[in-house]
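Here the structure is laid out as structure tokens; the discussion comes afterwards.
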Amino acid sequence: MTKQASRPVGWSTNELDGVLGPCVGAGVVGNFEVQLVRAVLRRAPTRPTDDCLLALALSARAMRLGHVCLDLRTAHDQVVASQDDQGTTEYVALPDPESWRAELAASPIVSVPAETGATPGALLRPLVLDGFRLYLQRFWQFEVEVAAQLEERSGPVSGITLPDDPDARVEPVLVDLFGGTPVDEDGRVDLQFVAARRALTRPVTVIAGGPGTGKTHTVARILAAAHELAGARGEVVRVALAAPTGKAATRMKEAVETQVAALLGAGRIDEDRADALRAIEPTTIHRLLGRRSRTSFRHDRDDPLPHDLVVVDETSMVSLPLLSRLLDGVRPEARLVLVGDPFQLASIEAGTVMGDMVGPSGRSEKSATAPLGGRVTELRVGHRFDAGSGIAELALAIRDGHADRVVDRLVHGSGVHWVRPDDPAGLAALRAQVVAAATEVVRAALEDDGLVALKAVTRIKVLAAVRRGPLGLFDWSDLIDGAALGAVPVALRGGRPRVGTPVMVTHNDPVNRLANGDVGVVVHAPDGRWVVMAGSPEPRRLAPARLGEWEAWWAMTIHKSQGSEFPHAVVSLPTVDSPILTRELLYTAVTRAKDEVTLVGSEEIIRLAVDRPVARASGLSDRLWPGT
């Protein structure tokens, strides 16, 4: 029998021991859940049953694991098993789902809206039971309000950016911007064109697609068309571009500017229109909404954003609560375009909103009466990689969950390399390659060449699945930093961060115009040390003392790599299984690579990851696509 986990702070032996003791001993619930149960006990009109208190604790834990609700039918796998990497689940036994549900429905701490007809605002009990899904009250409210908002925005189009007959004007403008009406190999109108048309003629649209499928290509033409349509009516369109993180916003700006340059070079927009598009500054969703506290924003239903068109990139990283706040802050008559890859990692907070909005492939086209019917466009044709690209084939095999095909592509795919942890020669060669790139960064930094240093530090990047342990983030960072230190003269090794160190900002700092995820490198100049921060159109210099919170950027976690792209990505997996190893994690890591990808991991670990898709409990998909 395994050793019990330590008791959470504040735990005492009392009547809760028999209720939560097994879960506490197994490490399934902690201090947060215990204190929540105690708070509910103090306010409940009558004492809930032990099984109801257990459900409350597990629902809170489920939310902290990224689930929107606790599904009583799969609660063990959803909450208990996900915590179990040492055999501790023997301490936890859960009630039968049917009897558990009946007990909860009669509990004084549970509301059952399907039976009472209660509305979100009328629910004052801590738990909400919806079928076999059990929610913390505020997360049920978030889910219901998001579904209601999306349904409300499925009505007729209004607003200043489009004429009364939108299709009559939108079509020719898009034809000009796309250089004709593009068609696919089957003779159908290209989905990029379809997505742009929908975005300009419907209050809310979703554009889904993997890397290189043309999401930014489409967004740039949506922006250009919106300006053209408004200009023809003598109006100015107010546009906002946003992303969940500062790094993703910066990447969005770079990608849009590349597309604007292509449109200008092809003669499809003039300089004035290009300048107007370049002037749009992407920002984070929190900054766009005007964050006041952890849960409140300046812009809401009473004071919505003034923009006519709001485009959000990397929507897969958006949590359910944040999507709810965003919908509150966007005027009902404005156009909202949500862009992302539903197969990537979801938000670190609760929800899988991109996957829920897209649903199974083809659902949007078959459910025209659903809230998002005819408003979701899935871009399926990749343009980033050459035909037969090993990276693209590997990513598709991972996405589809075909472990045998993944292993085959790792062996035979072009631009794909596989290094096994038990191959010392292969690991040594890879480490030498990574260290050589780091040394190049240091040499450029010593010559005060920030541009070259930034290019070198992004040419090959280690993406680690975990932070600790062999082949983890700290393992790689220590190796690279130690090797790079040898290239720095002794006289310049003092100070933090040291000359030659690539840095990543870890906390938003509006005063110094730094966002979480911004990157730079420390250079040695005649007048001292400076941090050259990557930016568009040009990098900028910052005194090290103004850098704020940061970490060395020799390597990064796969989670933090979302929204990034590197010529060569080194994907490093742990040597032992971990619940964090999922299909979505592996897919996200591989799709960060543009030209080459090296996967470090055993065949067993790779197969485990491919065969383990993320399954977050949520009812949003069923609300958006009822009966499908």
Side-chain angles (χ1 to χ4, degrees), residues 161-162 170 173-179 182 189-230 237-245 247-266 268-269 273-285 288 307-318 326 330 334-342 344 354 357-358 375-384 536 562-565:
T161 61
L162 296 172
V170 169
V173 170
L174 289 178
V175 167
D176 288 343
L177 290 169
F178 277 91
V189 176
D190 187 89
L191 289 175
Q192 293 180 8
F193 191 92
V194 171
R197 184 170 55 200
R198 286 173 169 173
L200 291 162
T201 57
R202 298 172 188 188
V204 61
T205 51
V206 178
I207 302 176
T213 53
K215 297 188 296 293
T216 309
H217 178 93
T218 305
V219 166
R221 282 147 185 81
I222 292 170
L223 300 178
H227 277 275
E228 180 69 27
L229 291 163
V237 63
R238 293 164 293 187
V239 176
L241 299 180
T245 67
K247 182 175 60 177
T250 299
R251 173 67 184 152
M252 185 184 193
K253 181 174 178 61
E254 294 169 350
V256 168
E257 286 181 346
T258 298
Q259 290 296 324
V260 169
L263 286 170
L264 181 63
R268 293 173 187 164
I269 58 174
R273 189 72 67 217
D275 289 341
L277 296 177
R278 293 191 196 103
I280 304 171
E281 284 291 337
T283 185
T284 64
I285 299 173
L288 176 68
H307 303 90
D308 306 299
L309 174 63
V310 177
V311 180
V312 177
D313 197 16
E314 298 289 355
T315 306
S316 64
M317 298 167 65
V318 176
L326 176 66
V330 176
R335 232 77 50 223
L336 175 63
V337 183
L338 301 169
V339 185
D341 184 348
Q344 280 191 24
M354 191 67 190
M357 288 189 296
V358 173
R375 288 161 176 79
V376 177
T377 309
E378 298 178 66
L379 306 180
R380 303 184 184 96
V381 179
H383 303 281
R384 175 187 298 178
S536 181
Q562 287 181 272
S564 302
E565 179 183 285

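Every heavy atom of this structure was used, including side-chain atoms; hydrogens, water molecules and symmetry mates were not.
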Looking at residues at least two apart in the chain, or sitting in another chain, which of them share a side chain to side chain contact (heavy atoms under 4.5 Å, CB included) with V219? L223, V311, V339

Closest non-hydrogen atom pair between P244 and T284, with its separation: O-CB, 4.4 Å

From R375 atom CZ to T201 atom OG1, the distance as rounded to the nearest 0.5 Å: 8.5 Å

Under the side chain to side chain contact (heavy atoms under 4.5 Å, CB included) test, which residues partner P342, sequence neighbours left out? A208, M354, V358

Under 3.5 Å: donor-acceptor pair, side chain of K215, backbone of G210: yes

How close do L277 and H227 get, heavy atom to heavy atom, and via which atoms? CD2-CD2, 3.4 Å

Measuring only between side-chain heavy atoms, which start at C-beta, is V337 closer than 4.5 Å to I207? yes

Let me know which of D341, D190, L191 forms a side-chain contact (heavy atoms from CB on, under 4.5 Å) with L379. L191

Suppose we screen for side-chain hydrogen bond (donor to acceptor under 3.5 Å, both in side chains). Which residues come up paired with E228, at least two apart in sequence or across chains? R273

How far apart are the closest heavy atoms of P282 and A249, and which atoms are they? CB-O, 3.5 Å

As an exercise, state the distance from CZ of R197 to CZ of R202, rounded to the nearest 0.5 Å. 8.0 Å

Under 3.5 Å, side chain of R198 to main-chain N/O of V376, donor-acceptor pair present? yes

Taking side-chain hydrogen bond (donor to acceptor under 3.5 Å, both in side chains) as the test, write out the residues that go with D313, two or more places apart. none

In the structure I gave you, are the side-chain heavy atoms of L326 and L338 within less than 4.5 Å of one another anywhere? yes

Euclidean distance, T216 OG1 relative to Q192 CD, rounded to 0.5 Å: 10.0 Å

I'd like to check the side chain to side chain contact (heavy atoms under 4.5 Å, CB included) partners of A274; sequence neighbours left out, ordered by chain and number. V260, L264, I269, R278

From CE (M317) to CD (Q344), nearest 0.5 Å: 8.5 Å

Locate the shortest heavy-atom distance separating T205 from A199; write the atom from each residue and the value. OG1-CA, 3.5 Å

Which atoms form the tightest heavy-atom contact between L263 and A220, and what is the distance? CD1-O, 4.3 Å

Could you check whether any side-chain heavy atom of T245 comes within less than 4.5 Å of a side-chain heavy atom of E314, counting everything from C-beta outward? no

Could you tell me which residues satisfy side chain to side chain contact (heavy atoms under 4.5 Å, CB included) with A196, sequence neighbours excluded, listed by chain and number? L174, F178, T218, I222

Once rounded to the nearest 0.5 Å, what's the spacing between atom CZ of R238 and atom CD1 of I280? 13.5 Å

Can you find a pair of side-chain heavy atoms, one from S316 and one from Q562, that are under 4.5 Å apart? yes

Among all residues two or more places apart in sequence or in another chain, which pass the side-chain hydrogen bond (donor to acceptor under 3.5 Å, both in side chains) test with R268? none

